[in-house]
Amino acid sequence: MPGGWHLRACFCRRLATCTQLSLRWPEPAPVAMIRKAVTGDINALLDLETVAFQTDRLSRRSYRRWLRHPGCVFLVAEREGALAGYVLV
């Protein structure tokens, strides 16, 4: 149950009733930092592209072109020192 309480129940096989019931608040999701994409992100972007898409992947050349394009918005989400995603408009 994202964003709410997690319920964990343990049952004893010999008994038909619950022997332990515990509630815990979920761990917060790691925060991602959003920033403008830079040339140094290209290798990580290519890795993300490989994982996310089976076909129609952007190439290194395409990323370079988009990074130079004055009219586009190209942002990356960085979490724990690694790229977690990107937005390209």
Single-linkage hydrophobic cluster, 4.5 Å side-chain cutoff, Val73 and Leu88 together: no

Do you know which two heavy atoms are closest between Leu48 and Gly85, and how far apart they sit? CD1-N, 3.7 Å

Is there a path of hydrophobic side-chain contacts, each under 4.5 Å between heavy atoms of I/L/V/M/F/W/Y residues, joining Phe53 to Val76? yes

Taking side chain as C-beta onward, heavy atoms only, is Arg35 less than 4.5 Å from Leu75? no

Which heavy atom of Arg79 sits nearest a heavy atom of Ala84, and at what distance? NH2-CB, 4.0 Å

Say you draw a straight line from OH of Tyr86 to OH of Tyr63; how long is it, rounded to the nearest 0.5 Å? 3.5 Å

The test is side chain to side chain contact (heavy atoms under 4.5 Å, CB included); show your working for Leu45 and Phe74 and say whether it passes. CA-CA 11 Å; Leu45 288 164; Phe74 197 168; 3.7 Å; yes

Shortest non-hydrogen contact from Leu46 to Ser59? CD2-C, 4.0 Å

When every non-hydrogen atom of Ala37 is compared with those of Leu67, the smallest separation belongs to O-CD2, 3.5 Å

Side-chain heavy atoms nearer than 4.5 Å, only ILVMFWY residues, links allowed to pass through others: does that put Ile42 and Val51 together? no

Where is the tightest heavy-atom contact between Ala44 and Leu83, given as atom of each residue plus distance? CB-CD1, 3.6 Å

Taking C-beta and beyond as the side chain, do Arg60 and Arg64 meet within less than 4.5 Å on heavy atoms? yes

Heavy-atom closest pair, residues Leu58 and Glu49: N-OE2, 2.9 Å

